[in-house]
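Step one of this worksheet: look at the structure below.
All chains are named by letter (A, B, ...) in the order of the sequence lines, taking the proteins before the strands, and each is independently numbered beginning at 1.
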Amino acid sequence: MLIDADTNVLVQGITGNQGSFHTERMLEYGTNIVAGVTPGKGGQEEHGVPVYDSVEDAVAAHDVDWSIGFVPPRFARDAALASLDQGLHTCVITENVPVHDAVDVVQTARENDLYVVGPNCPGFMAPGTGKLGIMPADIFSDGSVGVVSRSGTLTYEIVDQLTNAGHGQSLAVGIGGDPVIGLDFRDMLRMFDEDGGTDRIVLIGEIGGDLEERAAELISAEIDTPVVGYIAGRTAPKGKQMGHAGAIVYGENGTAASKIAALEDAGVDVAELPSDVPELL
Amino acid sequence: MDLLEHEGKQLFAEHGIPVPDSAVFPTDTEDLPRGERLAVKAQVPATKRKKQGGITIVDRDEADAAIEHMLGADVAGYTADTVLVEEALDIATEWYVSLSINRAGKNYHLVFSEHGGSGIEERAQDEDAVHILDFYELDRSRLEREFKHIEQSCQLVDIILTMHDVLREEDALLVEINPLVVTADDELVATDAKVRLDENALYRHEFGFLQAGPATDTDETGLEFVELDGNIAMIGNGAGLVMATLDSIHHFGGKPADFLDIGGGADFETMKDAMQVAMRMDHVAGLFVNIFGGITRCDEVAQGVIDFVDEHDMDIPLVVRMVGTNQQKGRDLLEEHGIHALDSMDACAEKIVELVEADA
């Protein structure tokens, strides 16, 4: 799912602070980063990875499957579109991407049958195989639990608990905290359900929007793999954005209570505390 | 960022959506708008203003007095610093139209109802005259087909297409007209305007608007902070983790005083700023710091805590949970200052609640 031993990756914004730092850590984990892009820095090298001026140049010289974007918000849309234009799937790490930009990126990916993960996400991690993003490697262990989450550090909190309890992970995907994102709960639930190496799913949601409710509908209709959930923001006040651009309750829309009720109706065990998740599995 | 009514109408007017003749008060230069009857409207971010005395319709000769009375008045807890005065129209029908982001569809959502006006939230449930259209690209012919049964469909389609321009060109997340009035002369006029702008796109616009309803309280240091009404302050790294921490405090019987996210990779200065922000709130009886360090380094966070504690009298309980990158280094630093960090988020949440209750 998403990444395997042969997946070739391109890092956009590779010479920037974040891009460089995380390129090194991804390489350490064994991810095949074959090229990087920073306009104007073509011909240089970053941690041994050749840098190009554009995605087009990089793809002309290398076989690439995925790109990952560590570019500032005002360039994130164009960077993602440049990757999609070259037939790459893309993961957008950047936070504070304008919503309409995200809509354009996601719709373009759809038209071209390509994956977008994010924006405002930590990426994804297939323990023992590779990671695309910023997730800290040492809390993960190889196993059969699929994890899909809107959060970053809350994901690590729960994955850490899972690993300590002996529940290794097949794949952990941070879908991002923004109102409009690429791969979402529904996509990952289907992917995990079809995957022979995943036998349980952990869904980590939060206030805002209705993706968890839509996920619950899908679980009732199609998903056979058991799902355990945790929803953050039970005590969040209405009308206030809780960090993530997508984490805001408008009136009665997007409350944690609504999500928990929908998931429970679909047969999902929803944990009271993050530490309760392993027992529920 | 929610715009005030007159700000939204300004955008509408710029793009060509019909709005009533109007003037904004206080003003040095503006005369009253035309009309024998005038609507005097408090510019506050409250809903249902009419019910709460925020909108009155008066005869022209009563307008000055009404404006004086409205300026500075309390409407639903807000002070009406600005008043919009408009020509009161001869209303035949009130419609509802809005354009917004469809999160699940990752596109846009058009809602139209021939039964608009106040109270729509309650009526929306049993509405059969509601048109909903989800789209990414919008064109005239599609709208014409959708609204061909409406007499004023030509004007309506023009207005919707223009609302779409406002949505995309101004980076709005919501453009709502309730009511879109059909006048006795069969003209369509937007007599209210609700526009929500994407704060992440403000960098590419030059708006001169006042912030009517900020969704985030990010201060200059880049911290994400929302003040709540409890007495247990908290600081964490990562919005989801912070939300979960608030829930945990609540679970163990405490009341969180804030949401405060230092983000990823924070340095000691950012952490020290966070300590300052948390500790300067009123009614703080305890502080819980919850750090799960991925790219965030525990020793940096610890340094920030220490720097703050060294300069201020921490006379309230402080509980620190610290795991992740450089955790030993971070904990050692804290230990030298008599702060004993723990492994477990649950244990810490429980402890801070106990300590605060014991002090009470």
Side-chain angles (χ1 to χ4, degrees), chain A residues 18 21-22 73-74 95-103 106-107 110 122 134-136 139 149-157 160 177 179-182 184 204 206-211 213-214 230 232-237 239-248 251 256 272-275, chain B residues 101-108 121 136-137 167-168 171-173 198-204 213-217 224 226 228-230 236-251 255-256 259 261 263-265 290-296 323-325 344-346 349:
Chain A
Q18 294 290 308
F21 179 80
H22 291 292
R74 65 188 68 197
E95 183 166 16
N96 300 124
V97 175
V99 176
H100 290 293
D101 287 2
V103 172
V106 171
Q107 290 295 332
R110 269 191 183 166
I134 65 173
M135 297 201 187
I139 56 171
S149 169
R150 282 168 64 185
S151 170
T153 47
L154 177 58
T155 311
Y156 313 159
E157 176 77 45
D160 194 42
V180 171
I181 52 176
D184 62 24
I204 305 167
E206 60 193 43
I207 54 165
D210 61 352
L211 282 181
E213 288 86 338
R214 301 295 184 110
Y230 174 77
R234 288 172 192 246
T235 57
K240 294 278 185 186
Q241 183 179 312
M242 305 300 273
H244 289 154
I248 182 164
E272 179 77 22
L273 295 168
S275 53
Chain B
I101 308 292
N102 176 6
R103 289 175 63 156
K106 299 123 204 277
N107 54 10
Y108 306 113
E121 298 88 356
Y136 175 46
E137 274 146 359
L167 190 80
R168 293 271 354 210
D171 278 303
L173 304 179
D198 185 354
E199 287 180 31
N200 286 331
L202 290 176
Y203 76 85
R204 57 190 184 202
T216 57
D217 296 329
E224 298 275 4
V226 179
L228 304 171
D229 50 25
N237 65 316
L241 182 66
V242 170
M243 277 193 271
T245 308
L246 300 183
D247 293 347
S248 296
I249 291 170
H250 200 259
H251 175 86
K255 288 183 161 42
F259 167 105
D261 177 14
N290 185 11
I291 301 295
F292 194 114
I295 57 169
T296 300
V323 301
T325 309
S344 150
M345 182 172 147
D346 290 351

**Asked** What part of A:Ile204 lies closer than 4.5 angstrom to a heavy atom of chain B: side chain, backbone, both or neither?
**Response** neither
**Prompt:** chain A heavy atoms under 4.5 Å from B:Ala349: which part of the residue, side chain, backbone, both or neither?
**Reply:** neither
**Asked** Given a strict heavy-atom distance threshold of 4.5 Å, which part of A:Glu206 is in contact with chain B: side chain, backbone, both, or neither?
**Response** side chain
**Asked** Which answer fits A:Arg214, side chain, backbone, both or neither, if we ask what part of it has an atom under 4.5 Å from a heavy atom of chain B?
**Response** side chain
**Complete:** B:Ala244 and A:Pro274 have their tightest heavy-atom pair at CB-CG, 4.3 Å
**Prompt:** Is it the backbone or the side chain of B:Ile249 that comes under 4.5 Å from a heavy atom of chain A, or both, or neither?
**Reply:** neither
**Fill in**
On a heavy-atom basis, the closest approach of A:Gln241 and A:Ile248 is N-CD1, 3.8 Å
**Asked** Side chain, backbone, both or neither: which part of A:Arg74 has a non-hydrogen atom closer than 4.5 Å to chain B?
**Response** both
**Request:** Check whether B:Leu246 gets within reach of chain A through its side chain, its backbone, both or neither, counting any heavy atom under 4.5 Å.
**Result:** both
**Prompt:** What residue, out of B:Ala239, B:Gly264, B:Pro256, has the most heavy-atom pairs lying under 4.5 Å from chain A?
**Reply:** B:Ala239
**Asked** Side chain, backbone, both or neither: which part of A:Glu272 has a heavy atom under 4.5 Å from chain B?
**Response** side chain
**Prompt:** Taking the side chain from A:Arg234 and the backbone from B:His250, do they hold a donor-acceptor pair closer than 3.5 Å?
**Reply:** no
**Message:** With a 4.5 angstrom heavy-atom cut-off, is it the side chain or the backbone of B:Phe259 that approaches chain A, or both, or neither?
**Reply:** side chain
**Message:** Has A:His100 got a side-chain atom pairing as donor or acceptor with B:Leu173's backbone, closer than 3.5 angstrom?
**Reply:** no
**Message:** Would you compute the distance between atom CG of B:Asn290 and atom CG of B:Asn237 and round it to the nearest 0.5 angstrom?
**Reply:** 7.5 Å
**Prompt:** Of all residues at least two apart in sequence or in a different chain, which pass the side chain to side chain donor-acceptor pair (under 3.5 Å) check with A:Thr235?
**Reply:** B:Asp247
**Prompt:** At a heavy-atom separation under 4.5 Å, does A:Val106 approach chain B through its side chain, its backbone, both, or neither?
**Reply:** side chain
**Fill in**
With sequence neighbours left out, the residues meeting ring pair (Phe, Tyr, Trp, His ring centres under 6.0 Å) with A:His244 are none
**Item:** chain B contact via A:Pro98 - which portion, at a heavy-atom distance below 4.5 Å
**Value:** both
**Request:** Could you tell me whether the side chain of B:Lys255 and the main chain of B:Asp229 form a donor-acceptor pair under 3.5 Å?
**Result:** no
**Which atoms of B:Asp198 approach chain A - backbone, side chain, both or neither, heavy atom under 4.5 Å** = side chain
**Asked** Tell me, side chain or backbone of B:Asn107 under 4.5 Å from chain A's heavy atoms, or both, or neither?
**Response** both
